[in-house]
Trainee: 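Dumping the structure here so I can ask a few things about it.
Counting convention: from 1, in listed order, for ligands and their atoms alike.
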Amino acid sequence: GAKARGRNSIHYFTEQMRTDFLKRMEIIQNLRSALNKQQFHMVYQPIVDLTNNKIIKAEALIRWQHPEIGAISPLDFIPLAEETGLICDISDWIFNQVSQQVKHWREHYCPELMISINTSPVQYRNQGRQITNWAELLKKQGLEQQAIAIEITENLLMENQSQVISVLDQVRQQGVAIAIDDFGTGYCSFSYLKNYTIDYLKIDKSFVQNMATDNKDAALCQAIIVMANKLGIDVIAEGIETEQQKQLLMQAGCHLGQGYLLAKPMKQQEFEQLLIQEQSKT
Ligand code: C2E
Ligand code: MG
Ligand code: MG
Ligand code: MG
């Protein structure tokens, strides 16, 4: 126990907790003003058709550049934004940025472009008002045809089933695609694949990255792909870093992928250049 490790280890432990706490508080305080101070921007990571290398989809990812602290990872601040409820305002900002971008890109470079946006369970409270509002706004902009996908986590599907079903059904009917993010890492239950209509299933990068070296991970990836294909759900493999992983995924019947091998998340201008290149290929 802690006592057996002596005074110093106890002291060290509380010191660590103190710095963690102060770091959290510092991030939360800065997070409150980050939107107004325009410290956020979006980056876009292409989702590639593995069979022909075409880019017709991307995932939007938030970046926070603080003038003194520097870049703060979404892994560090998104959970705090969720705890404090700030995620709702931040997500509305994200939605506005991304929907304007996708409209512009569809009109000029790629009519079938789809951009996916990560969403948090908090956003599905209050009858999922925030998400149903997004669908309305997309409709007003003429962006009904799967211009936007929302990424949800498995854990959302486990809580408040009937409300979440009705929100997802409603926005899906209005043309928003639904993707399950990080599939296989949450409270996985096959029943929700039956009860919900889902368009995309994103295999978590932890499975993909061990595919070539671990038979169990390879088996899980293959089984997920077969199951999804039979259910009529498109699979997107996340975190593809090697040619070998890409080949194994394609052999297993997965045709969409995302990862550093294919492209890193990039600024809006850079992604636009890619779309222009794609356009000139055809
Ligand atoms: P996610 O939704 O699963 O996003 C994929 C993450 O994997 C991104 O990290 C991306 O940069 C990273 N990634 C892509 N390809 C590779 C690869 O080949 N290898 C490795 N190791 N990583 C790869 P990022 O941007 O740091 O985001 C981390 C998480 O933070 C996201 O995981 C998502 O849960 C959350 N997040 C990011 N942006 C947003 C946002 O706009 N809204 C919300 N609610 N959450 C966000
Ligand atoms: Mg995601
Ligand atoms: Mg996510
Ligand atoms: Mg993911």
Trainee: When only distance counts, is Tyr260 in polar contact with ligand 1, meaning an N/O pair under 3.5 Å?
Mentor: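 Yes, since at least one N or O of Tyr260 sits under 3.5 Å from an N or O of ligand 1.
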Trainee: Measure from the side-chain N and O atoms of Glu151 to the backbone N and O of Asn118, and report whether any donor-acceptor pair falls under 3.5 Å.
Mentor: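 Between the backbone of Asn118 and the side chain of Glu151 there is no qualifying donor-acceptor contact (under 3.5 Å).
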Trainee: Are Asp182 and Lys205 within salt-bridge range, i.e. N to O under 4.0 Å?
Mentor: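 Salt bridge: no.
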Trainee: Considering only N, O or S atoms, which atom of Glu59 is nearest to the Mg ion (ligand 2)?
Mentor: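 Atom name returned: OE2.
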Trainee: Using a strict 4.0 Å cut-off to heavy atoms of Leu61, name the atoms of ligand 1 that fall inside it.
Mentor: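 Result: 4 (O), 8 (C), 10 (C), 11 (O), 25 (O), 37 (C), 38 (N).
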Trainee: Show which atoms of ligand 1 fall inside a sub-4.0 Å distance from at least one heavy-atom site of Ser120.
Mentor: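 Numbered from 1, ligand 1 contributes 44 (N).
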Trainee: Using a 4.0 Å heavy-atom cut-off, say whether Gln245 meets ligand 1 through its side chain, its backbone, both or neither.
Mentor: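 Under 4.0 Å from ligand 1, Gln245 contributes no heavy atoms.
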Trainee: As an exercise, identify every atom of ligand 1 less than 4.0 angstrom from a heavy atom of Glu241.
Mentor: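 Ligand 1 atoms under the 4.0 Å threshold to Glu241: 17 (C), 18 (O), 19 (N), 20 (C), 21 (N).
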Trainee: Which residue is it: Gln258, Lys57, Glu238, Glu59? I am looking for the one with a side-chain hydrogen bond (donor to acceptor under 3.5 Å, both in side chains) to Gln45.
Mentor: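 When Gln258, Lys57, Glu238, Glu59 are each tested with Gln45, the side-chain hydrogen bond (donor to acceptor under 3.5 Å, both in side chains) holds only for Gln258.
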Trainee: State whether Lys103 and Glu107 are salt-bridged, where the test is any N-O pair (Lys NZ or Arg NE/NH1/NH2 against Asp/Glu carboxylate O) under 4.0 Å.
Mentor: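 Salt bridge between Lys103 and Glu107, a charged N being under 4.0 Å from a carboxylate O: yes.
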Trainee: Residue-level breakdown please: for Asp181 versus ligand 1, do any non-hydrogen atoms fall below 4.0 Å on the side chain, on the backbone, on both, or on neither?
Mentor: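 Near ligand 1, Asp181 shows its side chain, while the N, CA, C and O stay back.
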Trainee: Provide the number and element of each atom of ligand 1 under 4.0 Å from a heavy atom of Gln45.
Mentor: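 Under 4.0 Å from Gln45, ligand 1 has these atoms: 14 (C), 15 (N).
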Trainee: Output yes if Ser116 passes the N/O/S-under-2.8 Å test against the Mg ion (ligand 2); output no otherwise.
Mentor: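 No, Ser116 does not qualify, because none of its backbone or side-chain N, O or S atoms lies under 2.8 Å.
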Trainee: Which bit of Ile94 is near ligand 1, meaning a heavy atom under 4.0 Å away: side chain, backbone, both or neither?
Mentor: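 It is the side chain that touches ligand 1; the backbone stays farther off.
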Trainee: Do the side chain of Arg63 and the main chain of Met42 share a donor and acceptor less than 3.5 angstrom apart?
Mentor: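 No, the answer is negative, given that no donor and acceptor are paired below the 3.5 Å cut-off.
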Trainee: In Glu151, what N, O or S atom is nearest to the Mg ion (ligand 2), if we give its atom name?
Mentor: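 Answer by atom name: OE1.
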Trainee: Hydrophobic cluster mates of Ile236, side-chain heavy atoms under 4.5 angstrom, ILVMFWY only, any path?
Mentor: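 Under the 4.5 Å side-chain rule, Ile236 groups with Ile47, Met114, Tyr200, Leu256.
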Trainee: Tell me whether Asn30 contacts the main-chain N or O of Glu26 through its side chain, where contact means a donor paired with an acceptor under 3.5 Å.
Mentor: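 Between the backbone of Glu26 and the side chain of Asn30 there is a qualifying donor-acceptor contact (under 3.5 Å).
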Trainee: Distance under 4.0 Å to a non-hydrogen atom of Asp182: what atoms of ligand 1 satisfy this?
Mentor: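 With Asp182 as reference, the close atoms of ligand 1 come out as 3 (O).
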Trainee: So, Asp181 and the Mg ion (ligand 2): N/O/S under 2.8 Å, yes or no?
Mentor: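 Yes, within the cut-off.
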Trainee: Relative to ligand 1, is Lys202 under 4.0 angstrom through side chain, backbone, both or neither, heavy atoms considered?
Mentor: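 None of Lys202 does.
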Trainee: Under 6.0 Å between ring centres, would you say that holds for Phe77 and Phe40?
Mentor: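 Under 6.0 Å, so yes.
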Trainee: Measure the distances from the heavy atoms of Arg63 to every atom of ligand 1 and state whether one is below 4.0 angstrom.
Mentor: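 Arg63 counts as a contact of ligand 1 under the 4.0 Å cut-off.
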Trainee: Please verify the inter-ring angle class for Trp64 with His66; under 30° counts as parallel, over 60° as perpendicular, anything in between as tilted.
Mentor: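 Perpendicular.
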Trainee: Measuring to the Mg ion (ligand 2), does Asp182 have an N/O/S atom at a distance below 2.8 Å?
Mentor: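 It does not; every qualifying atom lies at 2.8 Å or beyond.
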Trainee: So, Gln209 versus Glu241: side-chain donor-acceptor pair below 3.5 Å or not?
Mentor: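 Present: a donor and an acceptor within the cut-off.
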Trainee: Can you name the atoms of ligand 1, numbered from 1 with element, that are less than 4.0 Å from a heavy atom of Glu238?
Mentor: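 Close to Glu238: 3 (O), 5 (C).
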Trainee: Using distance alone, determine whether Thr119 and ligand 1 share an N or O pair under 3.5 Å.
Mentor: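 Looking only at distances, the answer is no, because the N/O contact criterion of under 3.5 Å is not met.
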Trainee: If you measure every N/O of Ser91 against every N/O of ligand 1, is any gap under 3.5 Å?
Mentor: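 Among all N and O atoms of Ser91, none is under 3.5 Å from an N or O of ligand 1.
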Trainee: What atoms of ligand 1 come within less than 4.0 Å of a heavy atom belonging to Ile62?
Mentor: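 Those of ligand 1 that fall under 4.0 Å from Ile62 are 38 (N), 39 (C), 40 (C), 41 (O).
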Trainee: Taking salt bridge (Lys or Arg N to Asp or Glu O under 4.0 Å) as the definition, give me every residue that meets it alongside Arg129, ordered by chain and number, with sequence neighbours left out.
Mentor: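 By the salt bridge (Lys or Arg N to Asp or Glu O under 4.0 Å) rule, Arg129 matches no residue at all.
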Trainee: Test your reading of the model: is there a side-chain donor-acceptor pair from Gln123 to the backbone of Ser120, 3.5 Å cut-off?
Mentor: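 Checked: pair present.
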Trainee: Say whether, by atom type as modelled, one donor and one acceptor occur between the side chain of Glu278 and the main chain of Ile55 under 3.5 angstrom.
Mentor: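 Between the backbone of Ile55 and the side chain of Glu278 there is a qualifying donor-acceptor contact (under 3.5 Å).
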Trainee: Give the numbers and elements of all ligand 1 atoms closer than 4.0 Å to a heavy atom of Gln209.
Mentor: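 The list of qualifying atoms is 19 (N), 20 (C), 21 (N).
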